[in-house]
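Please read the structure below before turning to the comments.
Naming convention: chains lettered A, B, ... in sequence-line order (proteins, then strands); numbering from 1 in each chain.
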2 protein chains.
Amino acid sequence: MGTMARKKSAKKELILKTAAAMFREKGFAASSMRDLAEKIGIEAASLYNHIQSKAQILEEIIDGVSDECQLHLDNLEKSKSTALEKIESLIRFHTKMMMNRFEEYSVMVSQWMHLDGDKLLRFATNRRDYVRRMEAIVESGIQKGELKSLMPYVVVLNILSSVRGLEFWQRSAKTHTAQEMEDNMVVHLIGGIKR
Amino acid sequence: MGTMARKKSAKKELILKTAAAMFREKGFAASSMRDLAEKIGIEAASLYNHIQSKAQILEEIIDGVSDECQLHLDNLEKSKSTALEKIESLIRFHTKMMMNRFEEYSVMVSQWMHLDGDKLLRFATNRRDYVRRMEAIVESGIQKGELKSLMPYVVVLNILSSVRGLEFWQRSAKTHTAQEMEDNMVVHLIGGIKR
DNA sequence: CCTACCGATCGGTAGG
DNA sequence: CCTACCGATCGGTAGG
């Protein structure tokens, strides 16, 4: 945020948004720049006035979501909440991210392996680090007797994977609200670790 | 099983196995027939003496795993176990499938959208049906008071998604055994629904 | 933002 | 199982 932030043109935002929807649906490799251009209503060559490469589009989509996740965890670690409260906050945060920024979040969790070179390495490192920091929260909860003695890695993997699974939730089938989904996620995943 | 079953040549099995590893790692679209052939040690054109198309390779990999899942659920529905026992059986079965048939199972859950035409439609229908049958088991457990009153859809999604997440478990890092992982999955996911 | 076009690579076939 | 090759499509650039 802030006016100092590098401002993206409306057209570039449109390209990123459209590409995210496409990458999520068909996968990065199966998405062509020609199809992307067509959906936006310009020629493929014209895309390159706004972006440098197909790879860069993927990077920007993923970095946007990834940075937000990092920021949330940074703040959470500074808070004085209990481990249980922190884990609930993580479940609710990721669930909301998945629902509010559906395309971008889905692309991050399902297309990151198509990043190339140093970007791939950096993402993998960040991801591993993020998981370890979540594990540390679980570990401290076990130590304090708030949580059952479970392998922190499994708990973290189950939480992040469950959120990811929401990709397949048909929000169009209006049988349940997003809030109901989120609350049920919390009851199931927190219920399984609370002592 | 059985000698009447259509026998696949050893070479075809090798192609399917190698392709599964490749599809899982790079994705279906980003995997080329030339790379596949090279890994096997033949020319790309020679692959077509054993398989009909790239699409058919994906179909056979997915059908193999999918059929096994269907069969397990068929048998489970006929059993006299409680809902809780059935759900535990499903968690253990899928976890074992993910670990024992890592490449094929991963390809099924992450590459099915690259099936084309009627195969895609059939898989999506089967998948939806499978989820509904799992939901029915959860629903009956809630009705009988074995389980908390949770949305069955969320419970099923969390279970299947958590198993899927095991794709990222580094089995090479021998800090935990497969059995420990499986047991922890059960404690977390069953613990969250048991009344 | 477009037309015109590049070299590379794709899945797959013909013919032996 | 190979050599030789097809038409299609890819990401991207030159030049305006």
Original post:
Taking for each residue the nucleotide of DNA chain D with the nearest heavy atom, is it Gly41(B) or Asp35(A) whose nucleotide lies nearer the 5' end?
Top reply: Gly41(B)

Subject >> Listed nucleotide nearest any side-chain atom of Tyr48(B), set dA14(D), dC1(D), dT13(C) >> reply: dT13(C)

Original post:
Asp183(A) and Gln179(A): side-chain donor and acceptor closer than 3.5 Å?
Top reply: yes

Original post:
Taking NE2 from His50(A) and C1' from dT13(D), how many angstroms apart are they, rounded to a whole number?
Top reply: 17 Å

**OP:** Write down the distance between CD1 (Ile57(B)) and C1' (dG11(C)), rounded to a whole number of angstrom.
**Re:** 11 Å

Subject >> Value in whole Å for how far the C1' atom of dC1(C) lies from NZ of Lys12(A) >> reply: 17 Å

Original post:
More 5' along DNA chain D: Asn49(A) or Ala29(A), using each one's nearest nucleotide?
Top reply: Ala29(A)

**OP:** Would you mind reading off the distance between Glu43(B) atom CD and dG11(C) atom P, rounded to a whole angstrom?
**Re:** 14 Å

Subject >> Paired nucleotide for dT13(C) [Watson-Crick or G-U wobble; both distances under 3.5 Å] >> reply: dA4(D)

Original post:
Within 45° of the axis and under 6.0 Å from the centre of the six-membered ring of Phe123(B), does NZ or CZ of Arg128(B) qualify?
Top reply: no

Subject >> Side chain of Ser46(A) - closest among dG11(C), dC1(C), dC1(D) >> reply: dC1(C)

Original post:
Given dC1(D), is OP1 or OP2 found less than 4.0 Å from the side-chain N or O atoms of Lys11(B)?
Top reply: yes

Subject >> Atom-to-atom span, CE of Met33(A) to P of dC10(C) - whole angstrom >> reply: 19 Å

**OP:** Please report, rounded to the nearest Å, how far the P atom of dA4(C) is from the CZ atom of Arg34(A).
**Re:** 15 Å

**OP:** Look only at the side chain of Ser79(A) and the backbone of Leu76(A), and say whether a donor-acceptor pair between them is shorter than 3.5 Å.
**Re:** yes

Original post:
Between atom CD in Gln56(A) and atom P in dG11(D), what is the gap in whole Å?
Top reply: 15 Å

**OP:** Can you figure out which of dC2(C), dG11(C), dT13(D) approaches the side chain of Lys54(B) most closely?
**Re:** dG11(C)

**OP:** Establish, yes or no, whether the cationic atom of Lys54(B) lies under 6.0 Å from the six-membered ring centre of Phe28(B) and within 45° of the ring axis.
**Re:** yes

Original post:
Just how far is it from atom NZ of Lys86(A) to atom OG of Ser81(A), taken to the nearest 0.5 Å?
Top reply: 6.5 Å

Original post:
Of all the nucleotides listed (dG11(D), dT13(C), dC5(D)), which has the minimum atom distance to the side chain of Ser32(A)?
Top reply: dG11(D)

Subject >> Separation of dC1(D) P from Leu36(B) CG (nearest whole Å) >> reply: 13 Å

